[in-house]
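Only one structure is covered here, and it is reproduced in the block below.
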Amino acid sequence: MSISLTIPNGNEKDEHRLIRQIKGAAENDDYVTLTDVTLLKKTENDYRTLRAKMAGQDVIVKFTYEEEDAIPRLEHESQIYVDYLKPLWGIHVPKFYGFYLYNSSGRNRWPCACMVLQYCGEPAVSDLSQLKDYRARDLGIKQFRNDTMDIVFRLHSPEMGLDHSALNASHILDFRGKPFLTDFSCAGPHDCLASKARQLTRETLPAKEGEILQSVGHDSMKCLGLRLFLESLDYCIPRRIEFYGERFVCSEILSAAFLYQQALEAWSDKSEEEMWSDSVKEWRHIHSNWKKYHPDAAVEPPLGIVDLQEYLKTVDCQ
């Protein structure tokens with residue numbers, strides 16, 4: 001099978017005919033012309049994300065001219081769709097319509113390749129922590145987030161053994177009220193320590209929502225990828241936080257001033273006001289969960305100074 005694709009390029013248009021390379025894609029006619037091609041995004045490494053029509057279907061086209069790195073990455077992602085994700089096509093991930101490569105003996109002026117996927121909506125949120133409240137009124141409280149968690153757990157299951165490896169908010173699409181995961185360019189085989197014996201579910205997590213998800217010990221989340229994902233969702237509170245390039249144990253943070261001093265010592269182009277604001281935000285979160293971080297503490301400390309000018313006065317007096 002081959003496709004004909006016209007790429008918008010400023011005032012000009014580049015026409016290409018590409019041949020499908022990987023077996024196992026969803027079937028289409030032997031020769032298809034992609035129509036209504038619109039450029040959605042272009043990145044520095046010459047990746048272009050396009051939206052088009054393919055035999056009446058809405059599709060996304062990931063296209064590149066860059067031969068050394070980008071074309072192999074597209075081919076790798078295409079193989080992931082065929083080897084690992086096929087049971088989820090059209091259910092939790094887009095259908096895969098093929099990886100297409102230029103014909104070196106044809107009339108193409110330069111190397112190029114593309115991958116064609118089913119169009120499955122737009123990103124649901126801009127930050128993973130927003131998923132818990134996303135479409136709560138029509139879908140139900142936390143339903144979209146819970147469905148997303150179930151998909152990620154299934155990827156990590158012994159049945160599938162796959163780690164997305166780069167999951168962020170832009171990779172979680174809302175397609176008719178259902179989460180769809182996309183962009184598996186960094187994905188790879190994964191022998192998940194968290195689901196050795198059985199598939200991990202929300203019911204079998206070693207921590208309930210709002211609890212600390214431990215990184216070590218008997219009741220711990222042994223998979224780093226899943227632990228970071230759950231913390232990003234704001235499902236479980238983190239045992240450690242990353243702050244201005246360093247990681248700190250939350251139970252050892254005792255004030256906003258402590259974090260502010262760390263920020264001042266780190267290289268940053270932020271102003272002192274911005275660094276103080278970041279410090280207070282993290283400290284408020286830690287203080288509000290004080291009992292969880294310090295279960296044996298008899299007394300909860302006061303919030304302390306959260307105003308920068310007030311803090312600077314105390315420094316001047318020292």
Side-chain angles (χ1 to χ4, degrees), residues 127-133 142 145-146 148-149 152-153 156 163 167-169 192-196 200-268 270 272-315 317-318:
D127 188 276
L128 287 175
S129 63
Q130 299 167 347
L131 278 180
K132 61 183 177 182
D133 299 318
K142 303 176 182 177
R145 184 208 63 184
N146 291 346
T148 302
M149 290 173 62
V152 175
F153 291 156
H156 281 246
D163 185 8
L167 189 62
N168 62 47
C192 187
L193 296 172
S195 56
K196 279 284 189 181
L200 193 68
T201 66
R202 282 178 282 118
E203 288 71 28
T204 59
L205 278 174
K208 296 179 181 178
E209 185 167 0
E211 293 181 346
I212 298 176
L213 196 61
Q214 301 290 346
S215 58
V216 294
H218 176 69
D219 294 324
S220 63
M221 174 60 72
K222 296 178 175 62
C223 175
L224 175 63
L226 284 180
R227 190 170 75 248
L228 294 177
F229 170 65
L230 292 171
E231 290 176 358
S232 298
L233 285 180
D234 202 19
Y235 184 86
C236 294
I237 62 174
R239 183 173 175 269
R240 298 174 181 265
I241 61 165
E242 184 168 328
F243 190 73
Y244 283 76
E246 298 290 336
R247 288 183 65 81
F248 300 96
V249 178
C250 294
S251 60
E252 297 177 357
I253 299 171
L254 305 178
S255 68
F258 170 83
L259 290 171
Y260 180 63
Q261 287 300 320
Q262 310 309 312
L264 288 175
E265 293 174 8
W267 183 90
S268 175
K270 288 189 174 184
E272 291 185 359
E273 289 77 10
E274 289 175 313
M275 288 189 282
W276 178 261
S277 177
D278 292 341
S279 303
V280 170
K281 179 182 177 181
E282 291 292 352
W283 168 238
R284 285 187 184 276
H285 170 78
I286 293 167
H287 186 267
S288 66
N289 291 287
W290 186 264
K291 284 294 185 181
K292 294 176 182 177
Y293 287 121
H294 305 84
D296 299 325
V299 179
E300 180 178 311
L303 184 62
I305 298 174
V306 293
D307 178 79
L308 178 58
Q309 297 308 315
E310 183 180 353
Y311 167 72
L312 293 177
K313 288 179 182 179
T314 65
V315 174
C317 293
Q318 292 177 1

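Small disclaimer: the values here were computed from a predicted structure and weren't measured. Reckoned from all heavy atoms, side chains included, excluding hydrogens, waters and symmetry mates.
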Steps toward side-chain contact (heavy atoms from CB on, under 4.5 Å) verdict (Leu230, Met149): CA-CA 8 Å; Leu230 292 171; Met149 290 173 62; 3.6 Å; yes
Working for side-chain contact (heavy atoms from CB on, under 4.5 Å), residues Val249 and Ile241: CA-CA 7 Å; Val249 178; Ile241 61 165; over 6 Å; no
Worked check of side-chain contact (heavy atoms from CB on, under 4.5 Å) between Tyr244 and Glu265: CA-CA 9 Å; Tyr244 283 76; Glu265 293 174 8; over 6 Å; no
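The shortest distance between side-chain heavy atoms of Arg247 and Pro238 does not fall below 4.5 Å.
In this structure, OH on Tyr235 lies 13.5 Å from CG on Leu131, to the nearest 0.5 angstrom. Here the CH2-CG distance, from Trp276 to Leu259, works out to 9.5 Å after rounding to the nearest 0.5 Å. Annotation: the span from Ile253 atom CD1 to Arg240 atom CZ amounts to 10.5 Å, rounded to 0.5 Å. Atom CD of Gln309 is separated from atom OG1 of Thr314 by 11.0 Å, given to the nearest 0.5 angstrom. In this structure, Leu128 CG and Leu228 CG are separated by 11.0 Å, a value rounded to the nearest 0.5 Å. Atoms SG and CD1, on Cys236 and Ile212 in that order, are 9.5 Å from each other to the nearest 0.5 Å.
Take Glu242 and apply the side chain to side chain donor-acceptor pair (under 3.5 Å) test, not counting sequence neighbours, and it matches no residue. Every residue meeting the side chain to side chain donor-acceptor pair (under 3.5 Å) condition with Asn168, not counting sequence neighbours, appears here in chain and number order: Ser170. Taking Ser129 as the reference, Asp127 meet the side chain to side chain donor-acceptor pair (under 3.5 Å) condition, with sequence neighbours excluded. Evaluation of the side chain to side chain contact (heavy atoms under 4.5 Å, CB included) rule for Glu273 yields Ser271, Leu308 as partners, not counting sequence neighbours. With sequence neighbours excluded, the residues that form a side chain to side chain donor-acceptor pair (under 3.5 Å) with Asp234 are Lys132. Applying the salt bridge (Lys or Arg N to Asp or Glu O under 4.0 Å) criterion to Glu209, with sequence neighbours excluded, gives Lys142, Arg145. For Val152, the side chain to side chain contact (heavy atoms under 4.5 Å, CB included) partners two or more places apart in sequence, or in a different chain, are His156, Leu167, Leu181, Leu226, Phe229. For the salt bridge (Lys or Arg N to Asp or Glu O under 4.0 Å) test, residues two or more places apart in sequence or in another chain that qualify with Arg202 are Asp150. Legend: residues meeting side chain to side chain contact (heavy atoms under 4.5 Å, CB included) with Leu264, ordered by chain and number and at least two apart, are Tyr260, Gln261, Glu272, Met275. For Glu203, the side chain to side chain contact (heavy atoms under 4.5 Å, CB included) partners at least two apart in sequence or on another chain are Thr201. Contacts of Phe258 classified as ring pair (Phe, Tyr, Trp, His ring centres under 6.0 Å), with partners at least two apart in sequence or in another chain: Phe248.
The 12-atom threshold is not exceeded at CD of Glu246, counting heavy atoms of other residues, nucleotides or ligands nearer than 6.0 Å.
At distances below 3.5 Å, at least one donor-acceptor pair connects side-chain atoms of His287 with backbone N or O atoms of Pro301.
Within the structure, side chain to side chain donor-acceptor pair (under 3.5 Å) contacts touching residues 289-303 (residues at least two apart or in different chains) do not occur.
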